[in-house]
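One structure below.
Naming convention: chains lettered A, B, ... in sequence-line order (proteins, then strands); numbering from 1 in each chain.
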Amino acid sequence: MRTHLCGELRTEHAGAIVTVCGWVARRREHGEHLAFVDVRDHAGVVQCVVDNSIDVRSEYVVRISGTVRARPDGTVNPNLSTGEVEIGDATVDVLHAATPPPFPIDERADDVDEGVRLQYRYLDLRRSRMQRNLRVRATVNSAVRRAMEEQGFVEVETPMLVPSTPEGAREFLVPSRKEPGSFYALPQSPQLFKQLLMVAGVDRYYQIARCLRDEDLRADRQYEFMQLDAEMSFVAQDDVLDAISRAVLAAAEAVTGERPPEIERMTWRESMERFGTDKPDLRFGLELVELTDAFAATEFKAFAGAGTIKGICVPGAAAAHGRNQLDKLTDRAKQLGAKGLVWLRVADDGALDSPVAKFLSAAESAAVVERTGAAAGDLVLIVADEWATTCDVLGQLRNDFGRPPVFHGPYRYVWIVDFPMFVGTDDQGRPKPGHHPFTMPHPDDAHLLGRDPMAVRSQAYDLVLNGWELGSGSIRIHDTTLQRQVFAALGIDEAAADRKFGFFLNPFEYGAPPHGGFAFGLDRLVALLAGEENIREVIAFPKTQSGADPMTHSPQPVEPALLDQLGIRMLPRRT
RNA sequence: GGUCCCGUGGUGAAGUCUGGAGUUCACGCCGGCCUGUCAAGCCGGAGGUCGCGGGUUCAAGUCCCGUCGGGACCGCCA
């Protein structure tokens with residue numbers, strides 16, 4: 001039907017008789033016998049010179065034949081990859097006349113209401129930006145598959161209809177027709193199955209897996225999302241990190257053409273101390289500065305007795321922060337959980353301008369200036385609180401002040417390792433698992449499980465890119481004795497463990513190999529590599545924030561007969 | 001469950017704070033002119049339940065209440 005793609009024609013094709021197919025992007029009329037018609041396909045746009053009597057309009061589907069020729073001097077369009085050529089004396093075959101689209105099929109639609117774009121997603125996707133995003137996604141999928149297969153991973157598909165499990169994210173339920181009143185769940189991840197594949201001796205499993213979680217949507221969260229899911233037997237943490245690193249870096253290289261440097265590693269503790277978060281954005285400084293010891297003997301009441309005192313120095317921010325802005329910053333810090341926020345502006349003469357300056361000794365003031373590196377015109381913000389609160393609040397303020405849009409280069413990948421085994425406590429005072437209850441403790445800390453569980457680190461790890469959590473994984477407990485100890489630390493007795501997790505752990509009795517794995521979100525990686533800050537832009541048919549699809553009008557009510565068959569009766573709507 | 005922003009011809013905006021005739025700008029659409037444009041240009045034209053419902057008022061796009069839709073975030077996402 002065609003000999004070339006619109007976007008691939010160059011001067012080397014001059015003289016060739018070609019046929020292209022596509023959509024009319026634009027028509028420019030110049031009199032009775034001359035019009036330019038730009039024809040667009042997924043590869044790009046090419047200008048065709050036609051007689052003005054031909055009736056083609058925006059988005060008509062056409063097949064155009066003619067001779068490729070260099071454009072006359074002075075008419076080259078440097079903004080177009082095909083801008084040095086045109087198809088001359090073109091004959092036009094209208095394959096389908098089109099109604100004018102509701103919005104322009106070009107970059108101007110970037111500003112169109114997203115609900116409208118989603119209602120006409122098939123038109124939105126016709127645009128070059130969206131075509132590029134779809135293809136970036138395909139490139140990432142392909143590169144990831146190749147990288148995993150080269151490392152001996154075997155692709156295994158796992159079921160979409162799985163049992164409901166009490167832990168973790170809210171699930172989507174699927175009613176059973178054969179057994180009314182019973183339900184399947186859609187998988188939030190293939191966790192159970194991939195570990196059983198290790199028991200089965202698959203050794204290295206991977207899957208580009210669809211996962212579903214019925215939690216509220218965000219710019220980086222959809223009900224349905226794709227993960228590179230992997231699990232490996234007879235490995236230590238480093239082996240998993242290496243294997244996943246290869247896949248991620250291969251994907252990045254396939255998209256950008258450049259091999260990123262090896263992914264650095266940072267302990268969770270260091271990340272919290274320096275960046276106040278477990279997903280640090282390493283593209284900018286503004287690191288948290290330790291001040292606790294400098295105020296060990298302070299008489300300033302707000303600092304005395306505080307667990308941890310830290311500060312950040314925002315260069316040049318003093319002038320832009322009058323009392324109003326500083327009050328707002330203080331409110332923000334309180335909203336984030338701090339008791340308060342101490343601010344100091346460095347005056348031109350180096351003096352500290354702050355309501356608390358008079359409470360600080362000369363040595364304390366000097367220490368603040370020296371450690372934060374504050375200079376004239378800088379703004380220093382200090383939080384004194386429990387360690388976790390201090391880090392968290394300053395980490396958020398650091399992001400507020402310094403964080404570029406997520407897609408701005410450079411790409412800074414980092415593995416966060418040595419997460420705490422337990423984070424916080426539940427309503428009955430029992431430790432809660434930081435990752436999940438099958439995570440292997442750090443070998444140096446396992447002996448602390450009984451005595452001081454909160455001090456135990458785990459072999460869990462996260463992959464972070466530019467402040468976005470791409471994914472997480474862990475080495476799993478394969479030994480039933482150790483698993484019992486962890487359950488004990490979690491306050492789960494043997495009967496409860498068997499009730500809650502028996503279906504999962506009993507198979508281990510038949511010989512579970514040491515194993516560990518990882519899963520990372522492909523939507524997020526693709527968005528970052530495509531330069532998008534919203535994963536909806538890299539998903540062909542996403543849902544809105546309220547979980548609806550304006551194109552298909554889902555979700556929808558169904559016929560009562562359908563519900564009868566499933567044994568389901570509607571309750572009256574709550575008002 | 002909560003906080004905030006947005007909703008005005010097909011599209012994007014201005015008008016809303018401070019009520020006074022559906023007013024304005026750009027794009028698109030329809031018709032005409034036009035032989036080298038490329039967001040072509042020029043002339044003319046059509047196109048509206050100001051998201052929806054209620055209230056206040058002599059008068060509501062504008063003020064108040066409710067509701068629906070879209071977005072950002074908190075909670076939530078072991």
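- When the P atom of B/C34 is taken as reference, atom NE2 of A/H30 falls 13 Å away, rounded to whole Å.
- Under the Watson-Crick and G-U wobble criteria, each requiring two contacts below 3.5 Å, nucleotide B/C58 is paired to B/G20.
- Using a cutoff of 4.0 Å between basic side-chain nitrogens and carboxylate oxygens, A/K328 and A/D331 are not scored as salt-bridged.
- For A/R57 and B/C30, the shortest distance from a side-chain N or O to OP1 or OP2 is below 4.0 Å.
- For a distance-only test at 3.5 Å, the side chain of A/E215 fails to qualify as a donor-acceptor partner of the base of B/G75.
- Where A/N77 and A/P101 meet RNA chain B, the nucleotide closest to each residue was compared, and A/P101 sits on the side nearer the 5' end.
- Contact between A/V46 and A/T82 at its shortest, heavy atoms only, is CA-OG1, 3.7 Å.
- Comparing B/G22 with B/A59, their P atoms are spaced 14 Å from each other, to the whole Å.
- At a threshold of 4.0 angstrom between heavy atoms, the contacts of A/P72 include nucleobase atoms, whether or not backbone atoms are also involved.
- Counting non-hydrogen atoms under 4.0 angstrom, A/R69 reaches a base of the nucleic acid.
- A/R117 has a carboxylate O that lies under 4.0 Å from a charged side-chain N of A/E537, or vice versa, which qualifies the two as a salt bridge.
- B/C38 and B/C74 have their P atoms separated by 46 Å, given to the nearest Å.
- Across all strands shown, A/V76 has heavy atoms under 4.0 Å from base atoms, whether or not it also approaches the sugar-phosphate.
- The CG-P distance, from A/L192 to B/A78, rounds to 16 Å in whole Å.
- Here A/W468 and A/Y413 keep their ring centres 6.0 angstrom or further from each other.
- Taking atom CZ on A/R430 and atom P on B/A78, their separation rounds to 19 Å, with Å as the unit.
- The aromatic rings of A/H13 and A/H4 lie perpendicular to each other, with more than 60° between the two planes, well past the 30° mark.
- At a cut-off of 3.5 angstrom, the base of B/U35 holds no donor-acceptor pair with the side chain of A/E32.
- With hydrogens and angles ignored, no donor-acceptor pair closer than 3.5 Å exists between the side chain of A/R117 and the base of B/U11.
- When rounded to the nearest whole Å, the span between CD of A/Q222 and C1' of B/C77 equals 14 Å.
- Across the P atoms, B/G45 and B/G70 are found 39 Å apart, a figure rounded to whole Å.
- Minimum atom distance to the side chain of A/R108 is reached by B/C27, of the listed B/U11, B/G36, B/C27.
- Remark: the separation of the C1' atoms in B/G75 and B/A60 is 38 Å, to the nearest Å.
- Applying the 3.5 Å distance criterion, the base of B/C77 shares a donor-acceptor pair with the side chain of A/R221.
- Across all strands shown, A/N52 has heavy atoms under 4.0 Å from base atoms, whether or not it also approaches the sugar-phosphate.
- Taking atom C1' on both nucleotides, B/U62 is separated from B/G20 by 11 Å, rounded to a whole Å.
- Across B/G51 and B/G61, the matching C1' atoms stand 12 Å from one another, rounded to whole Å.
- When rounded to the nearest whole Å, the span between CZ of A/R332 and C1' of B/U3 equals 13 Å.
- As the counterpart of B/G7, B/C68 is assigned, both hydrogen-bonding distances of the Watson-Crick or G-U wobble pattern falling under 3.5 Å.
- Among the protein residues, A/R28 comes within range of the nucleic acid bases, having at least one heavy atom under 4.0 Å from a base atom.
- How far CZ of A/R403 is from CG of A/D281: 5.0 Å, rounded to the nearest 0.5 Å.
- Between A/F501 and A/H436, the distance separating the two ring centers is not shorter than 6.0 angstrom.
- Phosphate contact (OP1/OP2 of B/G28, side-chain N/O of A/S58, threshold under 4.0 Å): absent.
- Heavy atoms of A/D216 sit under 4.0 angstrom from at least one base atom.
- Aromatic ring centroids of A/Y205 and A/H515 lie 6.0 Å or more apart.
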Can you name the atoms? Protein N/O to nucleotides 66-72 of chain B N/O, anything below 3.5 Å, with the distance.
residue	atom	partner	partner atom	Å
B/G70	OP1	A/T544	OG1	3.0
B/G70	OP1	A/S546	OG	3.3
B/G70	OP2	A/S546	OG	2.8
B/G71	OP1	A/Q545	N	3.1
B/G71	OP2	A/Q545	N	2.7
B/G71	O3'	A/R536	NH2	3.1
B/A72	OP1	A/N534	ND2	2.9
B/A72	OP1	A/R536	NH2	3.0
B/A72	OP2	A/Q545	NE2	2.7
B/A72	N7	A/Q545	OE1	3.2

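- Taking atom CD1 of residue A/I105 and atom C1' of nucleotide B/G28, one finds them 11 Å apart after rounding to whole Å.
- Within 3.5 Å, no donor on the side chain of A/R213 pairs with an acceptor on the base of B/C76, nor the reverse.
- Comparing A/Q191 and A/P100 along RNA chain B, the residue whose closest nucleotide (by nearest heavy atom) sits nearer the 5' end is A/P100.
- Close to B/C38, at under 4.0 Å from its OP1 or OP2, lies no side-chain N or O of A/R40.
- Here A/F36 lies parallel enough and close enough to stack on the base of B/U37, with planes under 30° and ring centres under 5.5 Å apart.
- Remark: C1' of B/C76 and NZ of A/K432 are 12 Å apart, rounded to the nearest angstrom.
- A 3.5 Å limit on both hydrogen-bonding distances identifies B/C29 as the Watson-Crick or G-U partner of B/G45.
- Rounded to whole Å, the C1' atom of B/A39 lies 46 Å from the corresponding atom of B/G1.
- Within the structure, every pair that satisfies the ring pair (Phe, Tyr, Trp, His ring centres under 6.0 Å) test and touches residues 26-47 of chain A, not counting sequence neighbours, is listed here: A/H30-A/F36.
- Contact between A/Y461 and A/I475 at its shortest, heavy atoms only, is OH-N, 3.6 Å.
- The pair A/R127-A/E107 fails the salt-bridge criterion, with no side-chain N (NZ, NE, NH1 or NH2) lying under 4.0 Å from an Asp/Glu carboxylate O.
- Look at CG on A/N399: it is 14 Å from C1' on B/C73, rounded to the nearest Å.
- The residue A/E59 sits apart from the nucleic acid: no heavy atom pair falls under 4.0 Å.
- Distance check on atom C1': B/C29 versus B/G10 gives 8 Å, rounded to whole Å.
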